[in-house]
**Q** 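Right, I'll just put the structure down here and ask away after.
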Amino acid sequence: MSTTRKLWLGLAALLLASFAALLWVGEKVHQQAPPLPAAVVTTDGRTLYTRADMELGREVWQSIGGQQLGSIWGHGALVAPDWSADWLHREAGAMLELLARDDGAASFDALDAEHQAALKARILPELRTNTYDPASDTIAVSPLRAQAMAAVAAHYESLFSSDPATAKLRKAYAMRDDTVGETEHRRAVTAFFWWTAWAAAAQRPGESMSYTQNWPYDPLVGNTPTATSFMWSVFSVLFLICGIGLLAWHHAVQSHREGPAAPPARDPLADLRPTPSMKATAKYFWTVLALFLAQILLGATTAHYQVEGQQAYGFALANYLPYSLTRTWHTELAVLWIATAWLATGLYMAPAIGGAEPRFQRLGVNFLWACLLVIVVGAFAGQWLAVMDKLGLSRNFWFGHQGWEYVDLGRFWQLFLFVGLMLWLFLVGRALWPAIRRRDETSSIVGLLFLSTVAIGLLYGAGLMWGEHTHIAMVEYWRWWVVHLWVEGFFEVFATAVISYLFVRLGLLRARSATASVLFATIVFMAGGVLGTLHHLYFTGTTTAVIALGASFSALEVVPLALIGLEACETWRSRRAAPWMARYRWPIVFFVAVSFWNLVGAGLFGFLVNTPIALYYMQGLNLTPLHGHTALFGVYGMLGLGLMLFCLRGIRPQAEWREGWLRGAFWCLNIGLSMMALCTLLPLGLLQLHAALTHGYWYARSAEVMDTPLVHLLVWLRVPGDSLFAAGALLVSAFVASLWLARRPAALPQAARDSA
């Protein structure tokens, strides 16, 4: 049996086993999710909330931005508090105040330490005892707790209105006045928030930990790390060390078996003539840059809200473009422009690989681009109407704002995008089909490229697996299929296959060794990539199996990044393999940057928040976007720009490349991203981490920490880095525009083109 066949069988077995385990975990999550009761009642017979109240509250929360305004169970935006943690701590504090006054004290703080400790011990059974009764489908609370719940609810009803008493707090949380306009809806939001807080403290039946694995950290309510979190964190480090050792051994054994390929005397792609459909992909790259620039502008606006709250340099921007909306569009555009660059690369490369232009391919490419524009404009308009309370709850789920970070599109627009991906799969697949049928030395790479397009098209469908009232734990489970498996998983396989094929066509890699390398790399990445999805779900109402599998396999995601420097060196050397390689210098330089940010952003900063015990304290702090920004743009964004530059070299072969503009863009983007990470996100995250360890998670996300001069200074320190980054994006855009706007040089003789 050949090595290639063994690798294919190994990859197939790995994917079957991994997805089987992932689906098994999903079944367990569904069976053991925190119960949503028919009613919350007091022990003396009063009904406080009904299931309808809690479901309505969730609908309202989603319509105003959901995870884009604060967070639930740690997932969401960073300026407003985590509502689960905030409610839970406020409720415990309210109970202590009521008990202190019953004992005749002016306040809880007026008591001595001994009495305070005694009262803290009295409230723990109230919060941690699971009083859900499956027979009656109710949760029972004491009159004391009901009184505390009413006090916290009053605070939230004031906060989400335009009450002057909470105006300062709204500003600190970047919330507009009348975030929720109707009184009934504000009360319903409190019901939903209470349920998320209840699940964070109530112990699972038969266990000594809460439904959220004792998250958030808050000693006042008895939430401290579980033994499971410590144990599997240790094992994850051991898996990491073991995986790095095995990979290093494999590299040492295999690296010298076959010498480097001798590059041809002339550019093998010099005679490639772009087909009509390949030329039509140019508009995709223009769209990429437009979305990229819009994303940067919205990112700066979102960051500025952290210091002015409701305004931008005195202008009441929140009345027209609230924080939850700017952050929604900022995160969505990041995924959209990167995905568009990769999709356009697939459409450009497929006819070149297949060797023929399928009938009506250009029409399909143009139609798909028009659909993309309709989706972006329609979805964003619906989200604005939803957040501004102009759409109505009955239409929000389908046409407005779903409230889930990265998958905020209304369901109609989700379906539209899924159909568009199916069309993309059809266009790329039929153009690749002749190459798949040829059965030559590159057929395995082409086959992997095709299978990755199938996975990209189908896995976005995971975002359609939940409904408007699906349990939150299950929504989170399926949501991370999209965010992790779709964006971080199979798009990376697609990119790896494309780059390997390009290097084979350029004569820089032997087809046989490239095939083995790309299949082995896919196996190594997918060994941790599929089940590594679970590390996002540690504290979202899931079971212990999620921590065990997530910690073990997510550590393996970092393993291939340990040797990423070797890959970067090999890629860097390839730019000088032959004189004609100067034509591809800048795509290769961007690929080298991908390797660097893979190591730093995905590897170093990713593993910083990867283990259960680390994420227990860091989830939803600024150390999370430290990893997110450096990985999402540093890896996937840089890769998208590199692929775009390669395609543009073929689309505009005679255009003059302004090397100075690309050099400036490259360094502005990389230095700007580094400054953003090191001057703001890292120190701000460490400041929050210290606050969380000292007082509790609720405190790290509170206005007492986040609305302070030091935090504002750290946010302002983003300006130089952000400005440099924006300058880089403008230079890239100007460079691409110059390929069409600048006067073409005279055509060179064939001999000169071969040596160029």
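Throughout, residue positions are numbered sequentially from 1 according to the sequence presented.
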**Q** Just do the side chain to side chain donor-acceptor pair (under 3.5 Å) check on Thr212 and Ser210 with the steps written out, would you?
**A** CA-CA 5 Å; Thr212 59; Ser210 73; 3.2 Å; yes
**Q** So among Tyr697, Tyr538, Tyr617, which one has a ring pair (Phe, Tyr, Trp, His ring centres under 6.0 Å) with Trp215?
**A** Tyr697
**Q** Under a 3.5 Å cutoff, is there a donor and acceptor pairing between the side chains of Thr540 and His75?
**A** no
**Q** Given Trp87, which partner from the list Phe192, Trp73, Tyr156 fulfils the ring pair (Phe, Tyr, Trp, His ring centres under 6.0 Å) test?
**A** Tyr156
**Q** Are side-chain heavy atoms of Arg170 and Leu159 found at a separation under 4.5 Å?
**A** yes
**Q** Sequence neighbours excluded, which residues qualify as side-chain contact (heavy atoms from CB on, under 4.5 Å) partners of Asp389?
**A** Arg176
**Q** Less than 6.0 angstrom separating the ring centers of Phe412 and Trp398, yes or no?
**A** no
**Q** State, yes or no, whether a side-chain contact exists between Gln402 and Phe397 at a heavy-atom distance under 4.5 Å.
**A** yes
**Q** State plainly whether the residues Arg327 and Glu405 are in salt-bridge range, i.e. N to O under 4.0 Å.
**A** yes
**Q** Just checking, is any N or O donor in the side chain of Tyr616 or Asn214 under 3.5 Å from an acceptor N or O on the other one?
**A** no
**Q** Do Thr138 and Asp133 get their side chains close enough for a donor-acceptor pair, meaning under 3.5 Å?
**A** no
**Q** Please check if the number of heavy atoms outside His30 that lie under 6.0 Å from its NE2 is greater than 12.
**A** no
**Q** More than 12 non-hydrogen atoms from neighbouring residues, nucleotides or ligands closer than 6.0 Å to NE2 on His115, yes or no?
**A** no
**Q** More than 12 foreign heavy atoms under 6.0 Å from OH of Tyr320: is that the case here?
**A** no
**Q** Is it true that the side chains of Asp44 and Thr42 contain a donor and an acceptor less than 3.5 Å apart?
**A** yes
**Q** May I ask you to check whether over 12 heavy atoms, not counting those of His690, lie within 6.0 Å of atom NE2?
**A** no
**Q** Among side-chain atoms of Asp408 and Gln68, is any donor-acceptor pair under 3.5 angstrom?
**A** yes
**Q** Strictly below 4.0 Å, N to O, side chains only: are Glu476 and Arg479 in salt-bridge contact?
**A** yes
**Q** Give the intermediate values and the outcome of side chain to side chain donor-acceptor pair (under 3.5 Å) for residues Ser142 and Glu126.
**A** CA-CA 8 Å; Ser142 68; Glu126 295 269 0; 2.7 Å; yes
**Q** With sequence neighbours excluded, tell me which residues meet ring pair (Phe, Tyr, Trp, His ring centres under 6.0 Å) with His89.
**A** Trp698
**Q** Could you tell me whether the side chains of Arg187 and Thr190 share a donor-acceptor contact shorter than 3.5 Å?
**A** no
**Q** Apply the ring pair (Phe, Tyr, Trp, His ring centres under 6.0 Å) test between His471 and each candidate in Trp195, Trp478, Trp466; give the one that qualifies.
**A** Trp195
**Q** Does Lys168 pair with Asp707 as a salt bridge, N-O distance under 4.0 Å?
**A** no
**Q** Quick one: are Gln67 and Tyr406 in side-chain contact, heavy atoms under 4.5 Å?
**A** no
**Q** Would you indicate whether the side-chain heavy atoms of Val141 and Trp194 approach each other to under 4.5 Å?
**A** yes
**Q** Taking the side chain as every heavy atom from C-beta outward, state whether Asp178 and Ser161 have any atom pair closer than 4.5 Å.
**A** yes
**Q** Run the salt-bridge test on Arg701 and Asp86 with the 4.0 Å N-O cut-off and return the result as yes or no.
**A** no
**Q** Report, as yes or no, whether the 6.0 Å neighbourhood of atom CD on Glu114 holds more than 12 heavy atoms from other residues, nucleotides or ligands.
**A** no
**Q** Return the set of residues passing side-chain contact (heavy atoms from CB on, under 4.5 Å) with Thr228 (not counting sequence neighbours), or none when no residue passes.
**A** Thr226, Trp232, Thr544, Ile547
**Q** Give me the atom names and distance for the closest heavy-atom approach of Thr301 to Leu317.
**A** CG2-CD2, 3.5 Å
